2 protein chains.
Amino acid sequence: MPGTSPTPRARASMADVGRLAEVSAQTVSRYFSGRGYVSDATRARIEAAVAELDFRPNLNARSLRSGRSHTIGVLAVGPINYGTAEILSGLTSRAQATSYAMAIAQLDLDMADPASRAQIRRALDGLLSATVDGVVVMTPYLGLEDLLEGRLESVPAVTVSGRPRQEQDSVTVDSHAAGVLGTRHLVDLGHTRILHLAGPTDRNEANDREQGYREVLAEAGLEPLPLVRGDWSAASGHVAAMAVAPGTFTAVAAGNDQMALGFLAGMRERGLGCPRDFSIVGVDDMPDARYFAPALSTVEMDFARLGRVAIDMLRQRIDSGEHVPRTRLEPRLVVRDSTAPPG
Amino acid sequence: MPGTSPTPRARASMADVGRLAEVSAQTVSRYFSGRGYVSDATRARIEAAVAELDFRPNLNARSLRSGRSHTIGVLAVGPINYGTAEILSGLTSRAQATSYAMAIAQLDLDMADPASRAQIRRALDGLLSATVDGVVVMTPYLGLEDLLEGRLESVPAVTVSGRPRQEQDSVTVDSHAAGVLGTRHLVDLGHTRILHLAGPTDRNEANDREQGYREVLAEAGLEPLPLVRGDWSAASGHVAAMAVAPGTFTAVAAGNDQMALGFLAGMRERGLGCPRDFSIVGVDDMPDARYFAPALSTVEMDFARLGRVAIDMLRQRIDSGEHVPRTRLEPRLVVRDSTAPPG
DNA sequence: GCAACGTAGGTTAACGATAACCCATGGCGC
DNA sequence: GCGCCATGGGTTATCGTTAACCTACGTTGC
């Protein structure tokens, strides 16, 4: 078949489609936008032309002219660990379902390095240059408020897992409540010497969970033990297990499941079994936690839902132009085999 | 201070910057692109105007005019599990480092549903409409070749973890080699009755790993045992452990670490210990694997590097206009405590 | 009988940036 | 003295789409 588009040439435009369908480009635009009247006969001709030319509308031109891009930007600071991956999953699925496109800037950087702040700023500028309709900001780190504050006024934004005091345009799975639930479970079982294996100091969620732990102990009239700190990783939980003095505690409230996993491994190496010699409770309820040895009692955090809610809130923020109230998702205690009464 | 921009108004354009700096918009464009001559004095005036107006170039307009968007699209089919998250991490970090923007379409759908194919097509169309300079396609599923083939000619594309027979524009961590390494390790230890806990039938990587397993057994003159199949999840590994007949095998080559975790848990429930009663080797070497009970012998897959290489290849493909040869990253055996000689 | 409205579609201009082209000036080689 | 190139910068047209406005015809209500 000679003559069948040897090289597909450049992309077809609405004008090309219009020429083939014998209408104006504007009518093609109307066909795609649904605004305005297009007769069935014209509609059919346009559809044929679109198929023939393999036409796809140019979103750059559309955004430029209309001022809206139907794109949501995501700024993620920090590594893609279990929680982040779940949130991302929720974000993309909800965005896809509401036919929003997603532009993502993820940067995993050393927050101690002062250059990091400049990098975050650049990444955000990049998203804004792409004229996103709104931004989802995932910055679990403390002290980034001022960095973002001046920047985020020009575009609708929703903060995920952000600082606790932000009362608008933010959504989080309540980490304070998670700390409370886990620790209270240990107290209810009768434990009195409860250790907290905390996450990194500069992470909001780590501090919230620690705060929950402290409050429950205070309520129960118990003395908190010296804090042991990790970095969310199983490796750091393992290090912690090697460092603690056995006999000084009967239970551990871990900042997340992975540190609990490492801690369990470390104690096992030292000949100490769970829940015989100590109890431990995690936070996250990652799918693997049920299959740890022993099955881990933990606090479920629905991060995927967090992501979906973030998109919903952002869309509402974009459509209404008004700020949306803070949303706080409630975690849930999941009791398995790693917790038992002391002794 | 009256007069200090009451409402930031609309975004400033290069024409606005030019007006303030008393040059033409074209000179402002030259300043940003670095093409053409701009004197130091003019440069300084432009910089001042940019700062004053909080100007950010409009990438939509730039892409529309120049035909290049400096954006890479990522199409990810399937859930964001450990491997996907790592790849994503590699992709974003490399893209960020080379100042490419990233548009992502991830969809986790039921491949049995025929509507899924239409959804994938729509997602890809969405990326192409956004005029990305190139696409990274992550489709671990079999049978998507035809779907993508007609679509991916109009734009540079690199396939990640794709079908084994694609000899160009593709990068993968060799899953066949992973199957070989894990199984050979078990054979070398003296095991003769080796079970394969495979991943889902419709996943390329699952089949490659199974193939590696089969080849090693054939080489060693051993008979493969009936296949047990999971879905990559720890839960499915647990189910498998409950289903197998103990005594029929002395070692397990698991398709990934998470299924190995579930399998270990299931066997533990049945009173069978590792490596006393059986050996098991995984694939992935996720950071947690070292802290399983026992520490898991596994095959390391550097998925983050895979992501970085994918970006490098795609950039080369975009810049040169020529296809790039397939890249295959080599996995590495990591021996820990879950494997020992039989008996 | 005609105003008002629904239907169907065309024309023009503009979104913000850059490609292509043009015009100056000054210095240098020969 | 003249051609040529480096430097510094302006003008114009255009990328593909849509907002705003306009035309024209047919129906309906009163």
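What you see is a predicted model, and the numbers here were worked out from it, not measured in a lab. Chain letters run A, B, ... following the sequence lines, proteins first, then strands; residues in each count from 1.
- When only modelled atom types and interatomic distance are considered, A:R326 and A:S170 share a side-chain donor-acceptor pair under 3.5 Å.
- Within 6.0 Å of CD in A:E22 there are 12 or fewer heavy atoms belonging to other residues, nucleotides or ligands.
- For B:S89 (side chain) and B:A304 (main-chain N/O), no donor-acceptor pair under 3.5 Å exists by modelled atom type.
- By the 6.0 Å contact criterion, CZ on A:R305 is open, its count of non-hydrogen atoms from other residues, nucleotides or ligands being 12 or less.
- Within residues 17-44 of chain B, the residues approaching DNA chain C are B:Q26, B:S29, B:R35, by heavy-atom distance under 4.0 Å.
- Using a 4.5 Å heavy-atom cutoff, the side chains of B:F32 and B:V50 are in contact.
- Partner of A:M138 under the side chain to side chain contact (heavy atoms under 4.5 Å, CB included) criterion, chosen from A:L88, A:V158, A:L306, A:T159: A:L88.
- Within residues 51-68 of chain B, the residues approaching DNA chain D are B:L64, B:R65, by heavy-atom distance under 4.0 Å.
- Partners of A:S29 under the side-chain hydrogen bond (donor to acceptor under 3.5 Å, both in side chains) rule, at least two apart in sequence or in another chain, do not exist in this structure.
- A salt bridge does not link B:D125 with B:R122: none of the charged nitrogens is closer than 4.0 Å to a carboxylate oxygen.
- Distance A:M14 CE to D:dC15 C1': 14 Å, rounded to the nearest Å.
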